[in-house]
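Worksheet: the structure to be examined is printed underneath.
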There are 2 protein chains.
Amino acid sequence: MSRIQTQQKILDAAESLFAETGFNDTSLRQITSRAEVNLAAVNYHFGSKKALIQAVLQRYLKVVMPRLEHQFEVLLARQKPTQLPEVLAVFVQPLLELEQIKRQGTTLFLQLLGRGYTDVQGHLRKFISHHYGSVLNKFVLLVQQSCPGLDAAEIFWRLHFSLGTVVFTMASSEALFDIAAADYQQQADIESVIRRLLPYLAAGIAAPVIYPEQLNSMAQAAS
Amino acid sequence: MSRIQTQQKILDAAESLFAETGFNDTSLRQITSRAEVNLAAVNYHFGSKKALIQAVLQRYLKVVMPRLEHQFEVLLARQKPTQLPEVLAVFVQPLLELEQIKRQGTTLFLQLLGRGYTDVQGHLRKFISHHYGSVLNKFVLLVQQSCPGLDAAEIFWRLHFSLGTVVFTMASSEALFDIAAADYQQQADIESVIRRLLPYLAAGIAAPVIYPEQLNSMAQAAS
DNA sequence: CCTCATTTCAAACGACCGTTTGAAATGTAC
DNA sequence: GTACATTTCAAACGGTCGTTTGAAATGAGG
């Protein structure tokens with residue numbers, strides 16, 4: 001069998017299992033079993049499990065990130081600052097195009113992203129900020145321009161809140177899909193969730209700042 | 001040594017390790033080593049690792065949940081529906097009071113909550129909704145009353161988005177604290193994060209609904 | 001002090017993990 | 001068809017895991 005076929009089969013099996021069970025809880029024996037290759041093939045072709053995880057993520061990142069970067073550059077080249085919802089909408093098209101590369105591609109990638117941020121705490125964050133730091137910087141710059149009332153620290157926190165929203169939703173998307181379908185008779189696909197996410201994120205990021213005194217009065221008013 | 005002392009030492013060691021490394025990645029040998037008790041003590045006193053995890057969570061849930069339920073009942077007894085920020089502010093006091101029960105109690109509990117939702121997918125959700133379903137129902141009812149423009153399905157999704165925000169932020173709170181302190185010279189304590197969270201969540205939950213057509217036009221405008 | 005239940009302890013169990021090994025199989029160029 | 005490099009394969013390695021075991025230590029009551 002050609003090298004490429006085996007590597008592909010391993011990557012396909014690994015990404016689906018990683019998305020289902022997480023990185024730490026998926027064993028190489030499960031992966032090679034689903035891929036119908038020998039156990040030693042992973043270490044032969046990728047070197048280690050850690051390298052396999054990176055390869056699985058890279059397959060999507062190397063497609064999504066350049067497209068995002070290009071879109072951000074277009075918006076930054078404008079004369080007037082872009083509105084926040086429009087900045088966030090940049091993510092929609094590149095993410096949905098992953099569906100064409102591979103069936104369920106969008107869902108898989110976002111689930112992997114979620115797993116990567118929650119499973120192996122810190123690794124994925126460093127990996128992305130190291131390899132794609134310029135993309136992230138351009139995005140942050142756009143958000144800052146669209147929200148002139150927020151200082152850099154507030155934006156830092158709110159973007160991480162938003163990352164949490166996306167990552168958690170996607171990591172537990174299967175369970176949420178099931179509940180939504182059972183309780184609310186909803187179509188449960190990734191695109192409709194993204195549609196629901198954007199207004200939530202836009203409103204959260206651009207929310208008015210509340211100062212400590214108001215928080216205290218709120219807490220007391222509720223008691 | 002008395003039974004209670006040993007159980008307490010195990011619970012203390014387990015909760016700190018669970019918060020740091022997650023449930024799956026924390027071994028009983030690490031726990032019993034930090035607690036300075038014999039390896040077999042966990043299985044003797046708690047039965048299994050799974051039961052230990054539940055015991056660790058229950059120590060906080062049994063304190064927090066009744067207080068939340070009481071606050072929700074007070075708000076539900078009012079004549080007029082409560083404003084959303086006030087509903088969310090209910091969480092502040094009971095959570096911060098965990099700090100008095102135990103140093104770092106609030107942080108530990110919220111980290112454990114985050115770990116529980118991301119590590120052992122689904123288990124914690126079922127456990128909480130089974131034991132404390134009435135509390136959750138009252139909270140959802142309050143949110144529905146405060147947001148009459150949103151249907152039940154939209155609220156379902158937005159509350160899970162919010163759960164993701166909180167859970168992810170707390171699970172990765174150590175890393176975020178470090179970055180915030182290094183890059184923005186900020187005080188990095190749990191209370192200031194909660195302060196930042198509330199306006200974000202309130203705005204996100206109460207955000208205006210955007211319909212598909214608007215989303216598409218947004219995505220096209222950005223390209 | 002003796003009795004008996006409770007708790008602690010060292011040791012081992014079987015299972016699964018990621019990785020390595022060296023031979024067998026397969027592919028490739030002459 | 002022979003020589004050589006690449007890929008596959010079964011088997012084993014050392015290690016960690018949660019759990020169990022049976023004896024030793026400790027506790028409390030008569």
Side-chain angles (χ1 to χ4, degrees), chain A residues 1-59 112 115-116 118-124 127, chain B residues 1-59 112 115-116 118-124 127:
Chain A
M1 191 185 307
S2 79
R3 177 190 349 163
I4 297 158
Q5 273 186 33
T6 301
Q7 290 185 346
Q8 201 86 1
K9 290 205 294 184
I10 292 175
L11 286 172
D12 289 342
E15 78 169 10
S16 63
L17 281 166
F18 285 154
E20 289 169 23
T21 346
F23 296 111
N24 294 338
D25 293 347
T26 301
S27 70
L28 294 184
R29 284 170 176 80
Q30 290 176 266
I31 294 170
T32 53
S33 170
R34 178 175 292 195
E36 293 177 318
V37 300
N38 186 269
L39 167 62
V42 169
N43 287 281
Y44 176 76
H45 285 287
F46 296 93
S48 67
K49 183 181 180 180
K50 194 170 180 175
L52 172 64
I53 293 175
Q54 292 195 351
V56 167
L57 286 168
Q58 268 289 43
R59 209 158 50 144
L112 291 171
R115 296 291 187 182
T118 55
D119 278 17
V120 280
Q121 186 55 44
H123 282 202
L124 182 62
F127 180 80
Chain B
M1 191 184 307
S2 81
R3 175 191 350 162
I4 297 157
Q5 273 185 35
T6 301
Q7 290 185 347
Q8 199 87 0
K9 291 205 294 182
I10 291 175
L11 286 173
D12 289 342
E15 80 169 8
S16 62
L17 281 167
F18 285 155
E20 290 169 24
T21 345
F23 297 110
N24 294 338
D25 293 349
T26 301
S27 70
L28 294 184
R29 286 168 177 81
Q30 291 176 267
I31 295 170
T32 53
S33 170
R34 179 175 291 194
E36 294 177 317
V37 301
N38 187 270
L39 168 62
V42 170
N43 286 282
Y44 176 76
H45 286 286
F46 295 94
S48 66
K49 183 181 178 180
K50 194 170 179 174
L52 172 63
I53 293 175
Q54 292 195 352
V56 167
L57 286 168
Q58 269 290 43
R59 209 158 49 144
L112 291 171
R115 296 290 186 182
T118 55
D119 278 17
V120 281
Q121 188 54 45
H123 281 201
L124 182 61
F127 180 81

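Throughout, a chain's letter reflects where its sequence line sits, starting with A, and its residues are numbered from 1. Remember, it's a predicted structure, so these values are computed and weren't measured experimentally.
- OP1 and OP2 of D:dT7 both lie 4.0 Å or more from every side-chain N or O belonging to A:Asn38.
- The phosphate of D:dT8 has OP1 or OP2 within less than 4.0 Å of a side-chain N or O from A:Thr6.
- Rounded to an integer number of Å, the gap from CG of A:Asn43 to P of D:dA10 is 16 Å.
- We find that OH of A:Tyr44 is positioned 15 Å from P of C:dT26, with the value rounded to whole Å.
- Residue contacts for B:Thr32: at a heavy-atom cut-off of 4.0 Å it reaches no nucleic acid atom on any strand shown.
- Proximity of B:Ser27 to the phosphate of D:dC17: a side-chain N or O atom is located under 4.0 Å from OP1 or OP2.
- Regarding B:Asp25, its CG atom lies at a distance of 15 Å from the C1' atom of C:dC16, rounded to whole Å.
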key: Candidate pair A:Ile53 and A:Val56, rule side-chain contact (heavy atoms from CB on, under 4.5 Å), full reasoning   = CA-CA 5 Å; A:Ile53 293 175; A:Val56 167; 5.8 Å; no

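- As rounded to whole Å, 10 Å separates atom P of D:dC17 from atom CD1 of B:Ile31.
- Rounded to whole Å, the distance from CZ on B:Arg29 to P on D:dT16 is 9 Å.
- Listed for the A:Ser16 side chain is a donor-acceptor partner under 3.5 Å among the backbone atoms of A:Ala13.
- For B:Asp25 and A:Asn24, the side-chain atoms include at least one donor-acceptor pair closer than 3.5 Å.
- When each of B:Arg115, B:Lys9, B:Arg59, B:Arg34 is tested with B:Glu15 by the rule salt bridge (charged side-chain N to carboxylate O under 4.0 Å, His left out), just one qualifies, namely B:Arg59.
- The shortest distance between the side-chain N/O atoms of B:His45 and the OP1/OP2 oxygens of C:dT6 is not below 4.0 Å.
- Between the CD atom of B:Glu36 and the C1' atom of C:dT7 there is a distance of 18 Å, rounded to whole Å.
- At least one donor-acceptor pair closer than 3.5 Å links the side chain of B:Lys49 to the backbone N or O of B:Phe23.
- In the set C:dA10, C:dT19, C:dA12, the nucleotide with an atom closest to the side chain of B:Leu39 is C:dA12.
- Taking every side-chain heavy atom of B:Lys49 into account, D:dG18 is the closest of D:dG18, C:dC17, D:dA11.
- For A:Leu28, the side-chain atoms get nearest to C:dG18 when compared with the rest of C:dG18, D:dA10, D:dT20.
- In this structure, of D:dT21, C:dT8, D:dC17, it is D:dC17 that holds the atom nearest to the side chain of B:Gln30.
- Counting to the nearest Å, the P atom of C:dT8 and the CD atom of B:Gln7 are 9 Å from each other.
- Atom pair A:Lys50:NZ and C:dC17:P shows a separation of 20 Å (rounding to whole Å applied).
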